[in-house]
Amino acid sequence: MNFVDDDDVAEFEKCALVGITVGVGSFVLTFKNDNSIVMSCRFETTINGCGFEGHGEEPETSSLLFSLLNSNVASSSLLSDGVLFYCFLVAINLK
């Protein structure tokens, strides 16, 4: 069961990631259009062709996301398995 659809995901395109709140048990990604994503799950980033893994429940992995701050989402999609995929203009992907 997905809580979002393609229209929801498309709202993030061309929006800048303007904030990352690191809390106990999750991260909150806040975008310029006032939309946000709560992450309390595993995530993957690809930075300069190298893959890294983190988890929203592990604050020490939040540093993997800081290079995305103030970057625009170039494209976004909802994959068939319900995974959200964001490609940022700074050549970093977040899944």
Side-chain angles (χ1 to χ4, degrees):
M1 178 171 145
N2 291 331
F3 294 101
V4 296
D5 59 25
D6 290 327
D7 292 334
D8 295 326
V9 175
E11 289 184 25
F12 292 95
E13 290 187 12
K14 312 299 184 244
C15 287
L17 176 65
V18 295
I20 299 173
T21 303
V22 180
V24 177
S26 67
F27 305 151
V28 179
L29 307 182
T30 305
F31 292 81
K32 188 173 184 175
N33 64 356
D34 292 327
N35 284 332
S36 61
I37 298 172
V38 177
M39 294 177 51
S40 58
C41 58
R42 187 179 68 80
F43 65 90
E44 299 172 10
T45 61
T46 304
I47 303 170
N48 296 325
C50 297
F52 301 93
E53 291 188 4
H55 201 288
E57 294 180 348
E58 299 172 353
E60 63 274 8
T61 64
S62 64
S63 62
L64 294 171
L65 303 174
F66 293 151
S67 58
L68 298 173
L69 279 169
N70 299 313
S71 298
N72 286 334
V73 175
S75 64
S76 58
S77 57
L78 180 61
L79 304 180
S80 61
D81 57 359
V83 171
L84 299 173
F85 182 82
Y86 295 97
C87 181
F88 287 81
L89 289 176
V90 292
I92 298 174
N93 297 325
L94 174 62
K95 183 166 108 174

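Quick caveat, the model's predicted, so the values are computed rather than measured. If you read the sequence from its start, that first residue is 1, and numbering goes on from there.
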Would you find a donor on one side and an acceptor on the other, under 3.5 Å apart, between the side chain of [X] and the backbone of [Y]?
| X | Y | answer |
| --- | --- | --- |
| S26 | V38 | no |
| E13 | S76 | yes |
| N33 | N35 | yes |
| K14 | N72 | no |

Taking all non-hydrogen atoms of both residues into account, name the closest pair between [X] and [Y] and its distance.
| X | Y | value |
| --- | --- | --- |
| L65 | I20 | O-CD1, 3.5 Å |
| S75 | V73 | O-CG1, 3.3 Å |
| P59 | G23 | CG-O, 4.3 Å |

(request) Test side-chain contact (heavy atoms from CB on, under 4.5 Å) on V9 and F85 and set out the steps. (result) CA-CA 9 Å; V9 175; F85 182 82; over 6 Å; no

Rounded at 0.5 Å granularity, tell me how far [atom1] in [X] sits from [atom2] in [Y].
| X | Y | atom1 | atom2 | value |
| --- | --- | --- | --- | --- |
| Y86 | S71 | OH | OG | 15.0 Å |
| R42 | H55 | CZ | NE2 | 8.5 Å |
| E11 | D34 | CD | CG | 11.5 Å |
| L64 | F43 | CG | CZ | 5.0 Å |
| D8 | L78 | CG | CG | 9.0 Å |
| T45 | F52 | OG1 | CZ | 6.5 Å |

(request) For F31, check ring pair (Phe, Tyr, Trp, His ring centres under 6.0 Å) against everything at least two apart and list the hits. (result) F12

(request) Check whether the side chains of E57 and S40 place a donor and an acceptor atom closer than 3.5 Å, and report yes or no. (result) no

(request) Would you check, one step at a time, whether the test side-chain contact (heavy atoms from CB on, under 4.5 Å) holds for L69 with V18? (result) CA-CA 6 Å; L69 279 169; V18 295; 6.0 Å; no

(message) Consider side-chain contact (heavy atoms from CB on, under 4.5 Å). Of L17, V28, L29, which one does S36 pass it with?
(response) V28

